[in-house]
Q: 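One structure follows; several queries about it will come next.
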Amino acid sequence: MRDAVTSLIQNYDVTGRYLDRDAVDSLKSYFATGTARVQAATVINANAAKLVKQAGLTLFAEQPELIRPGGNAYTTRRYAACLRDMDYYLRYATYALVAADTDVLDERVLQGLRETYNSLGVPIGPTVIGIGIMKDLVKAEVQAAGLETGPYLDEPFDYMISELGEKDI
Ligand SMILES: CCC1=C(C)/C(=C/C2=NC(=C\c3[nH]c(/C=C4\NC(=O)[C@H](C)[C@H]4CC)c(C)c3CCC(=O)O)/C(CCC(=O)O)=C2C)NC1=O
């Protein structure tokens, strides 16, 4: 599992280079957003249960067929499994946020996920929509706490959305 600093060092080490201007710029931007990342993660942690629940309610209001007979989130067990998955996405997003690197998402969340979802009939399109809803709720919560939002906050969610949503559904 890597963070922004270890990723950068690894890249330079592979080619035996000293840290150059580009490296220093990218380190500076990492440190400049460091406090915001930690503060945003703190706000998310404190509101995680509410964020997951609200994201679920919004998703099911938009796509009610998911929780009707025949829908993948129909039955209490599957409804709970869906919210648990949303909770995984949120928790791992906070790790990626603090690390300023998406490596943890590849390693712990996305690897093999499409195959698992496909084999269980979990629809990927609505899952991706759910992650997007959670991203918007997180941004609103972080903003309401008086903190700076921005691309740094979108990144982990956008990454999961594009990686999971990328290939055919
Ligand atoms: C930390 C990394 C990690 C992830 C991401 C993960 C996902 C994950 N979600 C699963 C199931 C599931 N995932 C969903 C999710 C949904 N169904 C819908 O209709 C919605 C669109 C969506 C919620 C947004 C459902 C309903 C199941 C249960 C499917 C079944 O058992 O039939 C399963 C199968 C095993 C189980 O039920 O626990 C896995 C492995 N597990 C992990 O360890």
Side-chain angles (χ1 to χ4, degrees), residues 1-7 10 30 33-34 36-144 149 151-169:
M1 205 194 303
R2 295 192 301 262
D3 59 37
V5 177
T6 53
S7 285
Q10 197 173 53
Y30 169 63
T33 57
R37 291 172 184 281
V38 173
Q39 287 178 328
T42 307
V43 170
I44 297 169
N45 295 346
N47 294 284
K50 183 183 83 177
L51 289 164
V52 168
K53 188 177 169 210
Q54 188 57 49
L57 290 173
T58 308
L59 175 65
F60 297 136
E62 277 179 22
Q63 308 218 0
E65 65 284 359
L66 291 170
I67 50 171
R68 288 192 188 129
N72 186 260
Y74 176 65
T75 75
T76 315
R77 182 188 68 78
R78 289 203 298 259
Y79 189 108
C82 178
L83 291 190
R84 182 219 45 203
D85 284 9
M86 296 282 271
D87 186 57
Y88 284 149
Y89 299 133
L90 186 60
R91 180 161 58 89
Y92 281 93
T94 67
Y95 298 162
L97 195 58
V98 169
D101 197 294
T102 53
D103 188 56
V104 64
L105 301 176
D106 286 329
E107 209 174 281
R108 301 290 166 87
V109 179
L110 297 165
Q111 204 172 51
L113 184 60
R114 292 185 65 85
E115 292 72 14
T116 303
Y117 270 12
N118 286 335
S119 73
L120 289 168
V122 177
I124 289 173
T127 301
V128 164
I129 291 170
I131 297 172
I133 290 169
M134 208 149 54
K135 174 177 98 165
D136 292 341
L137 292 170
V138 162
K139 284 166 73 171
E141 195 73 45
V142 168
Q143 201 153 31
T149 57
Y152 84 93
L153 190 55
D154 295 349
E155 193 186 20
F157 299 98
D158 288 344
Y159 187 76
M160 288 188 282
I161 288 168
S162 74
E163 288 298 303
L164 197 56
E166 186 172 84
K167 295 130 214 165
D168 60 291
I169 290 170

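Order of appearance sets the numbers: ligands from 1, and atoms from 1 within every ligand. On a predicted model such as this, the values are computed, not experimentally measured, just so you know. Residues: numbered from 1 along the sequence shown. What's counted below: heavy atoms across the whole structure, side chains too, no hydrogens, waters or symmetry copies.
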Q: Please could you name the atoms of ligand 1 that L120 approaches to less than 4.0 Å, counting only its heavy atoms?
A: 11 (C), 33 (C), 34 (C)
Q: Just need the protein heavy atom nearest to atom 28 (C) of ligand 1, so name the residue and atom and give the distance.
A: A81 CB, 3.7 Å
Q: Going by atom types alone, do R37 and T33 pair a side-chain donor with an acceptor below 3.5 Å?
A: yes
Q: Tell me, with the steps shown, if E107 and R2 meet salt bridge (charged side-chain N to carboxylate O under 4.0 Å, His left out).
A: CA-CA 10 Å; E107 209 174 281; R2 295 192 301 262; over 6 Å; no
Q: Checking a contact table here: which protein heavy atom is nearest atom 20 (C) of ligand 1, and how many Å away?
A: C82 SG, 3.2 Å
Q: Write down the atom of K139, the atom of D154, and the distance for their closest heavy-atom approach.
A: CD-OD1, 3.2 Å
Q: Looking at K50 and E141, is there a salt bridge between them, counting it only when a charged N and a carboxylate O are closer than 4.0 Å?
A: yes
Q: Given D87, V109, D85, N72, which has its nearest heavy atom closest to atom 7 (C) of ligand 1?
A: D85
Q: Which is it for L66 and ligand 1 at heavy atoms under 4.0 Å: side chain, backbone, both or neither?
A: side chain
Q: At a 4.0 Å threshold, what atoms of ligand 1 neighbour a non-hydrogen atom of T127?
A: 21 (C), 22 (C)
Q: Assess the side chains of N45 and T42: does a donor N or O sit below 3.5 Å from an acceptor N or O?
A: no
Q: Report yes or no: does a heavy atom of P123 sit under 4.0 Å from some atom of ligand 1?
A: yes
Q: So which heavy atom on S7 is nearest to which on D101, and how close?
A: OG-OD2, 2.6 Å
Q: What atoms in ligand 1 come closer than 4.0 Å to a heavy atom of R108?
A: 1 (C), 2 (C)
Q: If we set the cut-off at 4.0 Å for heavy atoms, which region of Y92 has an atom near ligand 1: side chain, backbone, both, or neither?
A: side chain
Q: Does Y79 have any ring pair (Phe, Tyr, Trp, His ring centres under 6.0 Å) partners at least two apart in sequence or in another chain, and if so, which?
A: F60
Q: Does ligand 1 have an atom that lies less than 4.0 angstrom from a heavy atom of Y79?
A: no
Q: Establish, from distance only, whether the side-chain atoms of D106 and Y159 form a donor-acceptor pair under 3.5 Å.
A: yes
Q: Kindly give the heavy-atom pair with the smallest separation between M1 and D103, and that separation in Å.
A: CA-OD2, 3.3 Å
Q: Any idea which protein heavy atom is nearest atom 29 (C) of ligand 1, and the distance to it?
A: R78 CD, 3.9 Å
Q: May I ask you to identify the nearest protein heavy atom to atom 40 (C) of ligand 1, giving residue, atom name and distance to one decimal place in Å?
A: T116 CG2, 3.7 Å
Q: For atom 43 (O) of ligand 1, which protein heavy atom lies nearest, and how many Å away is it?
A: Y88 CE1, 3.9 Å
Q: With heavy atoms of P126 as the reference, note each atom of ligand 1 found under 4.0 Å away.
A: 21 (C)
Q: Looking only at heavy atoms, is any part of R77 under 4.0 Å from ligand 1, and if so is it the side chain, the backbone, or both, or is it neither?
A: side chain
Q: At a 4.0 Å cut-off, with the gap strictly under it, does some heavy atom of R84 reach an atom of ligand 1?
A: yes
Q: Taking 4.0 angstrom as the limit and counting only heavy atoms of L113, give me the atoms of ligand 1 inside it, by number and element.
A: 5 (C), 7 (C)
Q: Return all side-chain donor-acceptor pairs below 3.5 angstrom for residues 84-91, not counting sequence neighbours, or 'none' if the list is empty.
A:
from, atom 1, to, atom 2, distance (Å)
D85, OD2, Y117, OH, 2.6
Y89, OH, Y117, OH, 2.6
R91, NH1, Y95, OH, 3.0

Q: If the cut-off is 4.0 Å to any non-hydrogen atom of V122, which atoms of ligand 1 fall inside it?
A: 12 (C), 13 (N), 14 (C), 15 (C), 16 (C), 17 (N), 25 (C), 27 (C)
Q: Ignoring hydrogens, what is the shortest heavy-atom contact between T94 and A41? Give both atom names and the distance.
A: CB-CB, 4.4 Å
